[in-house]
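What follows is a single structure, written as C-alpha coordinates, with notes after it.
Whatever order the structure lists ligands and atoms in, that order sets their numbers, starting from 1.
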Amino acid sequence: MAPLRLWLSILAGLLGAGAQEDLYRKVFVFRNDPSDAYVVLQLSPAQPLLNFTVCLRSYTDLTRPHSLFSYATKAQDNEILLFKPRPGEYRFYVGGKFVTFRVPESRGDWEHVCAGWESGTGVAEFWLDGKPWPRKGLQRGYAVGPEAAVLLGQEQDAFGGGFDLYNSFSGELADVYLWDTVLSPDRMRAAFQSLRLPPALLAWSNLSYSIKGDVVVKPRLRAALGF
Ligand SMILES: *[C@@H]1O[C@H](CO)[C@@H](O)[C@H](O)[C@H]1NC(C)=O
Ligand SMILES: *[C@@H]1O[C@H](CO)[C@@H](O)[C@H](O)[C@H]1NC(C)=O
Ligand SMILES: [Ca+2]
(Lines give C-alpha, C1' and ligand atoms only; values in the text may rest on other atoms or scores of the structure.)
(Ligands and ions follow the chains in the order given, each with its own letter.)
Protein backbone atom coordinates (compact mmCIF):
# COMPACT_ATOMS: atom_id res chain seq x y z
CA MET A 1 0.00 0.00 0.00
CA ALA A 2 1.36 3.46 -0.87
CA PRO A 3 2.36 5.44 2.26
CA LEU A 4 -0.33 8.07 1.66
CA ARG A 5 -3.09 5.47 1.34
CA LEU A 6 -1.80 3.63 4.38
CA TRP A 7 -1.82 6.88 6.36
CA LEU A 8 -5.33 7.73 5.15
CA SER A 9 -6.66 4.31 6.12
CA ILE A 10 -5.08 4.61 9.59
CA LEU A 11 -6.58 8.08 9.93
CA ALA A 12 -10.01 6.79 8.86
CA GLY A 13 -9.69 4.02 11.45
CA LEU A 14 -8.80 6.53 14.16
CA LEU A 15 -11.73 8.74 13.24
CA GLY A 16 -14.04 5.75 13.30
CA ALA A 17 -15.16 6.32 9.72
CA GLY A 18 -17.28 3.37 8.71
CA ALA A 19 -18.20 1.59 5.56
CA GLN A 20 -19.68 3.32 2.56
CA GLU A 21 -21.63 0.90 0.46
CA ASP A 22 -24.62 -0.01 -1.61
CA LEU A 23 -26.89 -1.96 0.73
CA TYR A 24 -29.31 -2.95 -2.04
CA ARG A 25 -31.02 -6.21 -1.01
CA LYS A 26 -29.31 -6.10 2.37
CA VAL A 27 -30.61 -5.38 5.87
CA PHE A 28 -29.28 -4.42 9.27
CA VAL A 29 -30.14 -7.13 11.79
CA PHE A 30 -30.38 -5.79 15.35
CA ARG A 31 -30.05 -9.09 17.13
CA ASN A 32 -30.70 -8.30 20.80
CA ASP A 33 -33.72 -7.25 22.83
CA PRO A 34 -33.18 -5.04 24.72
CA SER A 35 -30.05 -3.77 23.08
CA ASP A 36 -27.36 -1.13 23.46
CA ALA A 37 -26.39 -1.43 19.77
CA TYR A 38 -26.88 1.19 17.10
CA VAL A 39 -25.79 2.34 13.68
CA VAL A 40 -24.47 5.87 13.09
CA LEU A 41 -25.28 7.33 9.68
CA GLN A 42 -22.89 9.95 8.33
CA LEU A 43 -24.71 12.92 6.93
CA SER A 44 -22.67 15.46 5.03
CA PRO A 45 -22.89 18.96 6.57
CA ALA A 46 -26.00 20.65 5.25
CA GLN A 47 -28.10 23.78 5.56
CA PRO A 48 -31.07 23.83 7.94
CA LEU A 49 -33.88 21.73 6.48
CA LEU A 50 -37.13 23.46 5.57
CA ASN A 51 -38.51 20.40 3.81
CA PHE A 52 -37.61 16.75 4.21
CA THR A 53 -38.77 13.18 3.75
CA VAL A 54 -37.46 10.21 5.70
CA CYS A 55 -38.28 6.67 4.56
CA LEU A 56 -37.38 3.24 5.89
CA ARG A 57 -38.55 -0.34 6.07
CA SER A 58 -38.70 -2.31 9.32
CA TYR A 59 -39.48 -5.88 10.34
CA THR A 60 -39.92 -6.64 14.01
CA ASP A 61 -42.19 -8.41 16.46
CA LEU A 62 -41.53 -5.87 19.24
CA THR A 63 -44.62 -4.69 21.11
CA ARG A 64 -42.73 -2.32 23.43
CA PRO A 65 -41.84 1.28 22.43
CA HIS A 66 -39.01 1.51 19.92
CA SER A 67 -37.15 4.06 17.86
CA LEU A 68 -36.84 3.73 14.09
CA PHE A 69 -34.91 6.88 13.11
CA SER A 70 -33.34 9.36 15.51
CA TYR A 71 -31.86 12.65 14.25
CA ALA A 72 -30.61 14.82 17.13
CA THR A 73 -28.89 18.17 17.21
CA LYS A 74 -27.10 19.68 20.17
CA ALA A 75 -30.11 21.94 20.74
CA GLN A 76 -32.89 19.32 20.32
CA ASP A 77 -32.63 15.55 20.78
CA ASN A 78 -35.96 14.89 19.04
CA GLU A 79 -35.17 17.10 16.04
CA ILE A 80 -36.44 14.38 13.69
CA LEU A 81 -37.70 11.17 15.26
CA LEU A 82 -39.76 8.26 13.99
CA PHE A 83 -40.95 6.34 17.02
CA LYS A 84 -43.37 3.48 17.54
CA PRO A 85 -44.76 3.69 21.10
CA ARG A 86 -46.94 0.58 20.64
CA PRO A 87 -48.26 -1.62 17.82
CA GLY A 88 -50.64 0.31 15.59
CA GLU A 89 -49.16 3.74 16.30
CA TYR A 90 -46.36 5.85 14.86
CA ARG A 91 -45.12 9.13 16.29
CA PHE A 92 -43.43 11.61 13.97
CA TYR A 93 -41.41 14.32 15.75
CA VAL A 94 -40.04 17.53 14.30
CA GLY A 95 -38.19 19.92 16.61
CA GLY A 96 -39.40 18.15 19.76
CA LYS A 97 -43.15 18.20 18.89
CA PHE A 98 -44.97 15.21 17.48
CA VAL A 99 -48.05 14.04 15.66
CA THR A 100 -49.48 10.54 15.95
CA PHE A 101 -50.56 8.33 13.06
CA ARG A 102 -52.75 5.38 13.99
CA VAL A 103 -52.28 2.42 11.67
CA PRO A 104 -53.48 -1.19 11.56
CA GLU A 105 -51.46 -3.44 13.84
CA SER A 106 -48.67 -5.20 12.01
CA ARG A 107 -49.59 -8.35 10.11
CA GLY A 108 -46.19 -9.75 10.98
CA ASP A 109 -44.68 -8.38 7.79
CA TRP A 110 -42.27 -5.68 6.73
CA GLU A 111 -43.68 -2.15 7.14
CA HIS A 112 -42.52 0.65 4.88
CA VAL A 113 -42.96 4.20 6.15
CA CYS A 114 -42.21 7.61 4.73
CA ALA A 115 -42.69 10.78 6.77
CA GLY A 116 -42.52 14.14 5.05
CA TRP A 117 -42.61 17.65 6.48
CA GLU A 118 -42.77 21.14 4.98
CA SER A 119 -41.91 24.16 7.14
CA GLY A 120 -43.85 26.68 5.03
CA THR A 121 -47.22 25.05 5.70
CA GLY A 122 -46.31 22.89 8.68
CA VAL A 123 -47.93 19.96 6.89
CA ALA A 124 -46.73 16.51 7.97
CA GLU A 125 -47.30 13.57 5.64
CA PHE A 126 -47.22 9.92 6.63
CA TRP A 127 -47.18 7.09 4.12
CA LEU A 128 -47.49 3.43 5.12
CA ASP A 129 -46.74 0.77 2.49
CA GLY A 130 -47.18 3.29 -0.33
CA LYS A 131 -50.48 4.72 0.97
CA PRO A 132 -50.90 8.26 2.38
CA TRP A 133 -52.52 8.77 5.79
CA PRO A 134 -54.55 11.95 6.56
CA ARG A 135 -52.06 14.82 6.78
CA LYS A 136 -51.50 16.69 10.05
CA GLY A 137 -50.03 19.99 11.18
CA LEU A 138 -46.64 20.20 12.86
CA GLN A 139 -44.11 22.97 13.58
CA ARG A 140 -45.06 25.50 10.91
CA GLY A 141 -42.16 27.88 10.29
CA TYR A 142 -39.60 25.70 12.08
CA ALA A 143 -36.17 24.92 10.61
CA VAL A 144 -34.54 21.55 11.31
CA GLY A 145 -30.98 22.12 12.48
CA PRO A 146 -27.96 20.76 10.59
CA GLU A 147 -24.95 19.05 12.25
CA ALA A 148 -27.00 16.16 13.51
CA ALA A 149 -26.24 12.81 15.08
CA VAL A 150 -28.31 10.37 13.02
CA LEU A 151 -28.83 6.96 14.60
CA LEU A 152 -30.69 3.76 13.88
CA GLY A 153 -31.49 1.38 16.72
CA GLN A 154 -31.56 3.82 19.65
CA GLU A 155 -33.54 6.91 20.62
CA GLN A 156 -31.30 9.82 21.61
CA ASP A 157 -32.04 11.95 24.67
CA ALA A 158 -28.74 13.75 24.20
CA PHE A 159 -26.59 14.45 21.16
CA GLY A 160 -25.29 10.98 20.17
CA GLY A 161 -26.36 9.36 23.46
CA GLY A 162 -28.85 9.32 26.33
CA PHE A 163 -30.31 5.96 25.31
CA ASP A 164 -33.08 4.00 27.02
CA LEU A 165 -32.39 0.36 26.18
CA TYR A 166 -36.13 -0.31 26.42
CA ASN A 167 -36.66 2.07 23.49
CA SER A 168 -34.10 0.25 21.35
CA PHE A 169 -34.92 -1.44 18.08
CA SER A 170 -34.71 -5.20 17.65
CA GLY A 171 -35.32 -6.85 14.29
CA GLU A 172 -34.46 -5.86 10.73
CA LEU A 173 -34.14 -2.42 9.11
CA ALA A 174 -33.59 -1.53 5.46
CA ASP A 175 -34.11 1.09 2.76
CA VAL A 176 -33.29 4.12 4.90
CA TYR A 177 -33.39 7.43 3.01
CA LEU A 178 -33.49 11.12 3.87
CA TRP A 179 -34.25 13.80 1.28
CA ASP A 180 -34.28 17.59 1.65
CA THR A 181 -37.62 17.77 -0.16
CA VAL A 182 -41.12 16.42 0.36
CA LEU A 183 -41.28 13.65 -2.24
CA SER A 184 -44.06 13.73 -4.80
CA PRO A 185 -46.74 11.02 -4.43
CA ASP A 186 -45.17 9.06 -7.32
CA ARG A 187 -41.83 9.06 -5.56
CA MET A 188 -43.38 8.10 -2.20
CA ARG A 189 -44.78 5.05 -4.00
CA ALA A 190 -41.44 4.45 -5.76
CA ALA A 191 -39.73 4.38 -2.36
CA PHE A 192 -42.20 1.72 -1.17
CA GLN A 193 -41.58 -0.32 -4.33
CA SER A 194 -37.76 0.09 -4.11
CA LEU A 195 -37.67 1.72 -7.53
CA ARG A 196 -35.18 4.30 -8.73
CA LEU A 197 -35.09 7.30 -6.39
CA PRO A 198 -33.75 10.87 -6.60
CA PRO A 199 -30.38 11.77 -5.01
CA ALA A 200 -30.68 11.94 -1.22
CA LEU A 201 -28.90 13.26 1.87
CA LEU A 202 -28.91 9.65 3.11
CA ALA A 203 -29.35 6.84 0.61
CA TRP A 204 -29.48 3.10 1.22
CA SER A 205 -27.80 2.67 -2.18
CA ASN A 206 -24.77 4.66 -0.98
CA LEU A 207 -24.82 4.61 2.78
CA SER A 208 -21.95 5.83 4.91
CA TYR A 209 -22.38 4.21 8.29
CA SER A 210 -20.64 2.71 11.29
CA ILE A 211 -21.97 -0.07 13.46
CA LYS A 212 -21.69 0.21 17.25
CA GLY A 213 -22.31 -3.08 19.01
CA ASP A 214 -24.29 -6.11 17.98
CA VAL A 215 -25.72 -5.29 14.53
CA VAL A 216 -24.96 -7.34 11.44
CA VAL A 217 -25.49 -6.73 7.72
CA LYS A 218 -27.23 -9.68 6.06
CA PRO A 219 -28.90 -10.36 2.71
CA ARG A 220 -32.68 -10.08 2.64
CA LEU A 221 -34.52 -13.35 3.05
CA ARG A 222 -37.16 -12.51 0.47
CA ALA A 223 -36.69 -10.75 -2.86
CA ALA A 224 -40.33 -10.16 -3.84
CA LEU A 225 -41.19 -6.45 -4.26
CA GLY A 226 -37.59 -5.70 -3.38
CA PHE A 227 -37.80 -6.66 0.31
C1 LIG B 1 -39.68 23.88 0.52
O2 LIG B 1 -40.86 23.51 -0.17
C3 LIG B 1 -41.63 24.61 -0.62
C4 LIG B 1 -42.93 24.04 -1.20
O5 LIG B 1 -42.67 23.07 -2.16
C6 LIG B 1 -40.84 25.40 -1.63
O7 LIG B 1 -41.59 26.49 -2.07
C8 LIG B 1 -39.55 25.88 -0.97
O9 LIG B 1 -38.74 26.53 -1.93
C10 LIG B 1 -38.78 24.69 -0.38
N11 LIG B 1 -37.64 25.22 0.36
C12 LIG B 1 -36.43 24.70 0.25
C13 LIG B 1 -35.34 25.36 1.04
O14 LIG B 1 -36.18 23.72 -0.45
C1 LIG C 1 -21.77 8.24 -2.57
O2 LIG C 1 -21.61 9.24 -1.59
C3 LIG C 1 -20.37 9.94 -1.65
C4 LIG C 1 -20.32 10.96 -0.54
O5 LIG C 1 -20.83 10.45 0.66
C6 LIG C 1 -20.27 10.63 -3.00
O7 LIG C 1 -18.99 11.24 -3.10
C8 LIG C 1 -20.43 9.61 -4.12
O9 LIG C 1 -20.46 10.28 -5.36
C10 LIG C 1 -21.72 8.84 -3.95
N11 LIG C 1 -21.81 7.78 -4.96
C12 LIG C 1 -22.90 7.56 -5.66
C13 LIG C 1 -22.86 6.42 -6.62
O14 LIG C 1 -23.92 8.25 -5.53
CA1 LIG D 1 -35.28 11.77 22.71
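The salt bridge (Lys or Arg N to Asp or Glu O under 4.0 Å) pairs that include a residue from residues 79-89 are Lys84-Glu111, Arg86-Glu89, Glu89-Arg102, where partners are two or more places apart or lie in different chains.
Checked by atom type, the side-chain pair Glu155/Ser70 shows no donor-acceptor distance below 3.5 Å. Side-chain contact of Asn206 with Gln20: a donor-acceptor pair under 3.5 Å is present, judged by distance alone.
For Ser70, every N, O or S atom stays at 3.0 Å or more from the Ca ion (ligand 3).
Asp77 has its closest N, O or S atom to the Ca ion (ligand 3) at the position named OD2. The name of the N, O or S atom in Glu155 nearest to the Ca ion (ligand 3) is OE2. Considering just the N/O/S atoms of Asp157, the one nearest the Ca ion (ligand 3) carries the name OD1.
Using a 4.5 Å heavy-atom cutoff, the side chains of Leu128 and Trp133 are in contact.
Considering only non-hydrogen protein atoms, atom 5 (O) of ligand 1 sits nearest to Glu118 OE2, 3.7 Å.
Considering Leu50, Thr121, Asn51 only, the shortest heavy-atom separation from atom 10 (C) of ligand 1 involves Asn51.
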- [ ] Please assess Tyr90 against Phe101 for the test ring pair (Phe, Tyr, Trp, His ring centres under 6.0 Å), listing each intermediate value before the final yes or no.
- [x] CA-CA 5 Å; Tyr90 280 88; Phe101 293 93; 8.7 Å; no

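Angle OD1(Asn78) to the Ca ion (ligand 3) to O(Gln156), rounded to 10°: 110°.
The one candidate from Pro87, Pro85, Ser168 that meets the side-chain contact (heavy atoms from CB on, under 4.5 Å) condition with Arg64 is Ser168.
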